[in-house]
Amino acid sequence: MKCLLFDYGGTLDSDGTTWLERFHPMYKEAGLDIPKERFDRAFYDADDNLPARHALKGLDLAQTVRLQVEDVITALSPDRGDLTGLIDSITDRFVADCRGQFRRLTPVLERLSKRYHLGIVSNFYGNLEGILAAEGLRPLFSVVADSGVLGVTKPDAAIFLHASKAVSTAPADCLMIGDSIRSDMAGAGGAGMKKALISVAAVAPKAGQDWTIRSVVELEAILG
């Protein structure tokens, strides 16, 4: 193995939990007890359209998340008054959780970066490099393949191959680490890469992965 490629959301900012899964209980605890189906629609609408609705270039993690939260809350509570406090509260909690995970993973990533090329392959908004730089993480990664920049999304093999080419490494010598069966496991498999699925399920799904781990922190143990 010469290169380790990571998903971002649900892999580097949490242990196998998507943004949707992390956000929903935060909204509920903040007093917005919205039926799950309605919340999901508002979340995905905000997520899918964030780059079209807002100028994201140069925004850091907190600023980006705040816009996403603002769009969701506006869709769910259009008749409420001043929503600033609610938006700030959910944003602050989410970002604090992300940063706690970054602190936990950074020593692991630093050690791995001494042995492998590290990269990120993510379906993101186009400003992931700036976010990573602001969080002090960008120097750890030789390549950041952001779908919002490249115009191609996982599971298309092209985004994985872009990353492997950027570090002059054959796909067969790359390991993709991610939490999504469709985007990460199927996509990396289609590109000829090895795969590690992050899953917190009691019984992990079988998705053709070479390894199953519960967190990035377990990578050192399986790689030896």
Side-chain angles (χ1 to χ4, degrees), residues 6-57 59-80 83-84 86-98 101 120-132 144-156 158-160 176-188 190 197-201 205 207:
F6 299 86
D7 172 48
Y8 173 73
T11 297
L12 291 178
D13 63 2
S14 72
D15 288 335
T17 307
T18 67
W19 280 29
L20 175 68
E21 293 166 328
R22 291 170 60 196
F23 266 124
H24 188 246
M26 293 182 188
Y27 279 79
K28 188 173 182 179
E29 291 165 19
L32 284 176
D33 192 2
I34 306 296
K36 184 66 164 55
E37 183 178 340
R38 186 176 169 218
F39 177 82
D40 289 0
R41 287 199 304 270
F43 176 87
Y44 284 123
D45 178 70
D47 206 51
D48 292 344
N49 294 295
L50 203 71
R53 291 173 178 158
H54 306 283
L56 302 178
K57 186 176 181 179
L59 298 191
D60 63 17
L61 177 62
Q63 292 166 327
T64 302
V65 170
R66 193 184 192 285
L67 289 174
Q68 211 273 357
V69 173
E70 182 177 3
D71 286 356
V72 172
I73 289 181
T74 299
L76 294 175
S77 304
D79 300 324
R80 290 183 65 155
L83 298 169
T84 302
L86 186 61
I87 294 167
D88 288 345
S89 174
I90 294 172
T91 299
D92 291 348
R93 181 176 170 188
F94 186 89
V95 171
D97 286 352
C98 291
Q101 181 74 347
I120 293 178
V121 180
S122 176
N123 287 346
F124 207 72
Y125 306 124
N127 64 328
L128 184 54
E129 282 210 60
I131 286 175
L132 294 169
V144 176
D146 179 340
S147 65
V149 173
L150 297 175
V152 59
T153 59
K154 299 184 293 186
D156 193 318
I159 193 169
F160 297 92
M176 178 67 196
I177 303 102
D179 65 300
S180 170
I181 292 173
R182 178 180 179 273
S183 295
D184 300 320
M185 299 301 100
L197 176 67
I198 294 184
S199 175
V200 295

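Counting from 1, the numbers follow the sequence of the chain as shown.
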Above 12 or not: heavy atoms from other molecules or residues under 6.0 Å from NZ of Lys36?
yes
Nearest-0.5 Å distance that lies between atom OG in Ser183 and atom CD1 in Ile159
9.5 Å
Using ring pair (Phe, Tyr, Trp, His ring centres under 6.0 Å), reason through Trp19 and Phe94 one step at a time and then give a plain yes or no.
CA-CA 9 Å; Trp19 280 29; Phe94 186 89; 5.0 Å; yes
Do Asp60 side-chain atoms and Ile131 backbone N/O form a donor-acceptor pair below 3.5 Å?
no
Spacing of Phe6 atom CZ and Ile198 atom CD1 [to the nearest 0.5 Å]:
8.0 Å
Atom pair CD/CD1 of Glu129 and Ile120 - distance to nearest 0.5 Å:
9.0 Å
side-chain hydrogen bond (donor to acceptor under 3.5 Å, both in side chains), that's the test. Do Asp33 and Tyr27 meet it? Break it down for me.
CA-CA 7 Å; Asp33 192 2; Tyr27 279 79; over 6 Å; no
Would you call Arg53 and Asp45 a salt bridge, using N to O less than 4.0 angstrom?
yes
What's the spacing between Phe43 CZ and Thr18 OG1 if we round to 0.5 Å?
7.0 Å
Between the side chain of Asp146 and the main-chain N/O of Leu128, is any donor-acceptor distance below 3.5 Å?
yes
Rounded to the nearest 0.5 Å, what separates atom CG in Asn49 from atom CG in Asp71?
8.5 Å
Just verifying a value: how many Å separate Arg41 CZ and Ile34 CD1, rounded to the nearest 0.5 Å?
11.0 Å
